Amino acid sequence: MVALLQHMIKGLVKSPDAMQINEVEGESSVLYELTVAESDVDSVKGPDGETLRALRTVLSASSGERRAVLELVEPDA
């Protein structure tokens, strides 16, 4: 699943090397914490959060029985 996220997000960001995905396993769900370069946050969010919502939809559809959650971790200002 991490590979799928990396593939989708690499096309959106200008600094793919700065991208990190942390996978946190729960009993019935998996949390994916996405960290990107500060300059790429708006690209991942998209207008009105639409791009991030689309990423979450694809992740959810491909997750199978376990619930998958994608969280964008924004850098501290």
Side-chain angles (χ1 to χ4, degrees):
M1 197 63 66
V2 172
L4 172 64
L5 283 171
Q6 288 175 334
H7 180 72
M8 291 189 300
I9 295 166
K10 276 186 182 179
L12 299 172
V13 297
K14 293 178 182 160
S15 304
D17 295 335
M19 175 182 60
Q20 293 182 322
I21 300 173
N22 184 31
E23 183 177 21
V24 180
E25 301 254 351
E27 287 184 32
S28 61
S29 65
V30 181
L31 171 65
Y32 296 95
E33 297 173 329
L34 170 63
T35 306
V36 295
E38 189 173 349
S39 59
D40 290 327
V41 170
D42 289 336
S43 297
V44 173
K45 280 185 179 180
D48 297 323
E50 291 177 10
T51 305
L52 186 57
R53 202 168 321 139
L55 290 169
R56 287 175 174 150
T57 300
V58 171
L59 181 65
S60 178
S62 61
S63 66
E65 292 181 16
R66 295 182 74 186
R67 182 172 179 249
V69 178
L70 176 62
E71 193 67 38
L72 178 62
V73 179
E74 294 190 43
D76 293 332

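For the single chain, residues carry numbers from 1 onward in sequence order. As the structure is a computational prediction, the values presented were derived from the model and not from experiment.
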Subject >> Residues Val73, Leu34; criterion side-chain contact (heavy atoms from CB on, under 4.5 Å); working and verdict >> reply: CA-CA 6 Å; Val73 179; Leu34 170 63; over 6 Å; no
**OP:** Establish whether Met19 and Leu31 are linked, either directly or via other cluster members, by ILVMFWY side-chain heavy-atom contacts under 4.5 Å.
**Re:** no
**OP:** Output the distance between atom CD (Gln20) and atom CD1 (Ile9), rounded to the nearest 0.5 Å.
**Re:** 12.0 Å
Original post:
Do Val36 and Val58 sit in the same hydrophobic cluster, where Ile, Leu, Val, Met, Phe, Trp and Tyr count as joined when their side-chain heavy atoms come under 4.5 Å apart?
Top reply: yes
Original post:
About how many Å separate CG of Leu5 and OH of Tyr32, when rounded to the nearest 0.5 Å?
Top reply: 7.0 Å
Original post:
At what distance, to the nearest 0.5 angstrom, does CD of Glu65 lie from OG of Ser28?
Top reply: 11.5 Å
Subject >> Nearest heavy-atom neighbours spanning Thr51 and Gly46 >> reply: OG1-CA, 3.3 Å
**OP:** Would you name the heavy atoms of Glu25 and Val30 that are closest together and state the gap between them?
**Re:** OE1-CG2, 4.2 Å
Original post:
Can you check whether Ser60's main-chain N or O pairs, donor with acceptor, with Ser63's side chain at less than 3.5 Å?
Top reply: yes
Original post:
Short question: side chain of Asp40, backbone of Ser15 - any donor-acceptor pair under 3.5 Å?
Top reply: yes
**OP:** Please check if atom CZ in Arg66 has more than 12 non-hydrogen atoms from other residues, nucleotides or ligands closer than 6.0 Å.
**Re:** yes
**OP:** Would you check, one step at a time, whether the test side-chain contact (heavy atoms from CB on, under 4.5 Å) holds for Met1 with Ser62?
**Re:** CA-CA 8 Å; Met1 197 63 66; Ser62 61; 3.5 Å; yes
**OP:** Apply the test side-chain contact (heavy atoms from CB on, under 4.5 Å) to residues Thr35 and Ile21: give CA-CA distance (whole Å), side-chain angles for both, the deciding distance (0.1 Å), then the verdict.
**Re:** CA-CA 6 Å; Thr35 306; Ile21 300 173; over 6 Å; no
**OP:** In plain terms, say whether Lys45 and Glu74 are close enough for a salt bridge, that is, a side-chain N and a carboxylate O under 4.0 Å apart.
**Re:** yes
**OP:** Using the rule that two of Ile, Leu, Val, Met, Phe, Trp, Tyr join whenever any of their side-chain heavy atoms come within less than 4.5 Å, decide whether Val24 and Leu70 are in one cluster.
**Re:** no
**OP:** Establish whether Leu55 and Val69 are linked, either directly or via other cluster members, by ILVMFWY side-chain heavy-atom contacts under 4.5 Å.
**Re:** no
Original post:
Out of curiosity, does Leu4 fall in the hydrophobic cluster containing Leu72 (side-chain heavy atoms, cut-off under 4.5 Å, transitive links)?
Top reply: yes
